[in-house]
Amino acid sequence: VVISFIVLSFCVAFSVKMYRQSRFEMMCAMNIIIFGAIGNLLDRIVHGFTTDYLLLFNTSAVNLSDGLILGGIIWLTAQTRRPPQTEKIE
């Protein structure tokens with residue numbers, strides 16, 4: 001739980017930095033990761049473990065929070081691979 005709070009603090013700080021730099025897509029991707037992390041953290045605090053309820057390929061179980069984290073990471077990775085947008089001065 002302590003490590004989760006540390007990582008969550010880093011994610012919030014990164015999201016605020018992206019907001020201040022007007023990089024709203026990266027901020028939104030980071031916020032999705034934060035929401036997933038909060039969901040998993042609440043499960044750990046309340047139940048002592050995360051509740052997995054989606055069975056994928058009959059081999060692995062995940063929950064909605066895991067999906068949010070994965071989706072946010074994919075979106076964040078896509079944003080970092082995109083070339084920076086520059087405004088044209090005419």
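Taking a 6.0 Å sphere around CZ of Phe10, one finds it holds 12 or fewer heavy atoms contributed by other residues, nucleotides or ligands.
Counting heavy atoms from C-beta outward, Ile33 and Phe14 have side chains that stay 4.5 Å or more apart.
There is no path of hydrophobic side-chain contacts, each under 4.5 Å, that joins Met30 to Leu70. Neither Met18 nor Ile74 shares a network with the other; the hydrophobic side chains, linked directly or stepwise wherever heavy atoms of I, L, V, M, F, W or Y lie under 4.5 Å apart, form separate groups for each. Tracing side-chain contacts under 4.5 Å through hydrophobic residues (I, L, V, M, F, W, Y), one never reaches Ile34 starting from Ile3; they form parts of separate clusters. No path of Ile, Leu, Val, Met, Phe, Trp and Tyr side chains, each step under 4.5 Å between heavy atoms, connects Ile6 with Val12, placing them in separate hydrophobic clusters. Under the 4.5 Å side-chain heavy-atom criterion for Ile, Leu, Val, Met, Phe, Trp and Tyr, Val7 and Leu76 are members of distinct hydrophobic clusters.
To the nearest 0.5 Å, atoms CD1 (Ile32) and CE (Met27) are separated by 10.5 Å.
By the side chain to side chain donor-acceptor pair (under 3.5 Å) test, Asn40 is found to be paired with Asn63, Asp66, residues two or more places apart in sequence or in another chain being considered. For Ser65, the side chain to side chain donor-acceptor pair (under 3.5 Å) test picks out no residue, with sequence neighbours left out. Under the rule for a side chain to side chain donor-acceptor pair (under 3.5 Å), the partners of Gln79 that lie at least two apart in sequence or sit in another chain are Glu25.
Taking every heavy atom of both residues into account, Trp75 and Cys28 meet most closely at CH2-CB, 3.6 Å. In terms of heavy atoms, Ala37 sits closest to Leu8 at CB-CD1, 3.9 Å.
Checking side-chain atoms of Ser15 against main-chain N and O of Cys11 turns up no donor-acceptor pair under 3.5 Å.
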